[in-house]
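Below: one structure, written as C-alpha cells.
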Amino acid sequence: MDKCIFCMIANGEIPTNKVYEDDRVIAFYDLEPQAPVHVLIVPKKHYESILAVPAEESCVVGHMFQVASKLAHELGIAEKGFRLVINTGKEGGQSVPHLHLHMTGGREHGWPAG
C-alpha cells in the first residue's frame, strides 16, 4: 500500500525506536505513548486490519502475540502485568489502517478500557 506509515517503517524508509524485528514483524515504541511502556507490534506485510488477514496467513497474528510475550519479559512488564490491544476500524479506535498490536505496561490499567 502506498504511503502507509507502518509499511514505510517496516521497509526502513522511516527511522523508528525499534525494540524487535524479524522476517514477519517489527516492534517499536509508540510516538504517543499511553503508558510508561507502549510498544507497537506490526506485521511487515500490509493488512488493513485484523479483518483483512486471510485464514491461510493467520499465523502472523499468533506470531505477534509470541513477540509480545518475549518483549514483556525483556521490557520488565511481564511480572506485574500489561495490556494487549488490537483496535479495528474507526469506532474501534484504529488510527492507522495497518494491523498492529499495542502492548502497554508499567502502570495499572483500568476497566473498561475505552
Side-chain angles (χ1 to χ4, degrees):
M1 173 177 219
D2 292 340
K3 304 294 184 199
C4 171
I5 191 163
F6 288 167
C7 287
M8 293 169 71
I9 289 170
N11 292 330
E13 298 171 49
I14 297 175
T16 190
N17 192 358
K18 179 173 45 175
V19 293
Y20 180 86
E21 183 173 16
D22 64 26
D23 61 327
R24 294 185 279 176
V25 301
I26 186 168
F28 51 90
Y29 287 103
D30 194 300
L31 289 177
E32 296 179 12
Q34 302 299 306
V37 175
H38 188 165
V39 171
L40 301 178
I41 302 167
V42 180
K44 289 185 172 181
K45 182 171 181 179
H46 184 87
Y47 304 99
E48 188 167 312
S49 75
I50 192 73
L51 300 173
V53 179
E56 63 273 9
E57 297 177 27
S58 63
C59 61
V60 72
V61 178
H63 184 63
M64 292 166 67
F65 280 87
Q66 288 176 325
V67 170
S69 176
K70 173 182 171 36
L71 290 175
H73 289 282
E74 290 179 3
L75 299 173
I77 60 173
E79 187 175 310
K80 288 189 175 184
F82 56 96
R83 180 170 286 168
L84 297 174
V85 175
I86 296 177
N87 297 322
T88 305
K90 183 179 178 182
E91 287 191 16
Q94 185 178 9
S95 59
V96 176
H98 184 123
L99 172 63
H100 56 286
L101 176 64
H102 292 261
M103 181 172 70
T104 58
R107 68 164 170 83
E108 190 167 331
H109 290 71
W111 193 259

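Computed from a predicted model, the values in this text were never measured in an experiment.
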To check you understand the geometry: which heavy-atom pair defines the closest contact between [X] and [Y], and what is its length?
X: Arg83; Y: Gly110; answer: NH2-O, 2.8 Å
X: Val53; Y: Ser58; answer: CG1-CA, 3.8 Å
X: Cys7; Y: His46; answer: SG-ND1, 3.4 Å
X: Pro43; Y: Val25; answer: CA-CG1, 3.9 Å

Qualifying ring pair (Phe, Tyr, Trp, His ring centres under 6.0 Å) pairs with a residue from residues 50-91, counting only residues at least two apart or across chains: none
Flag, side chain of Lys44 to backbone of Asp22, donor-acceptor distance under 3.5 Å: yes
Check: His100 side chain, Gln94 main-chain N or O, donor-acceptor pair, under 3.5 Å: no
Kindly list each side-chain donor-acceptor pair under 3.5 angstrom involving residues 27-36, sequence neighbours excluded, with atom names and distances?
from	atom 1	to	atom 2	distance (Å)
Asp30	OD1	Glu32	N	2.6
Asp30	OD2	His38	NE2	3.3
Gln34	NE2	Glu32	O	3.0

Rounded distance [0.5 Å steps], [atom1] in [X] versus [atom2] in [Y]:
X: His98; Y: Cys4; atom1: NE2; atom2: SG; result: 5.5 Å
X: Leu99; Y: Leu51; atom1: CG; atom2: CG; result: 9.5 Å
X: Asn87; Y: His102; atom1: CG; atom2: NE2; result: 4.5 Å
X: Gln66; Y: Leu71; atom1: CD; atom2: CG; result: 12.0 Å
X: Arg107; Y: Ile77; atom1: CZ; atom2: CD1; result: 11.0 Å
X: Lys3; Y: Met8; atom1: NZ; atom2: CE; result: 6.0 Å

Under 3.5 Å side-chain donor-acceptor pair for Glu57 and Tyr47: yes
Over 12 foreign heavy atoms within 6.0 Å of CD1, Ile5: no
Within 6.0 angstrom of Glu108 CD, more than 12 heavy atoms from elsewhere: no
Should [X] and [Y] be regarded as members of a common hydrophobic cluster, given that ILVMFWY residues are connected when their side-chain heavy atoms come within less than 4.5 Å of each other, either directly or indirectly?
X: Ile9; Y: Ile86; value: no
X: Val42; Y: Ile50; value: no
X: Val67; Y: Ile26; value: no
X: Val85; Y: Val60; value: no
X: Val39; Y: Phe6; value: no

Steps toward side chain to side chain contact (heavy atoms under 4.5 Å, CB included) verdict (Val19, Glu74): CA-CA 10 Å; Val19 293; Glu74 290 179 3; over 6 Å; no
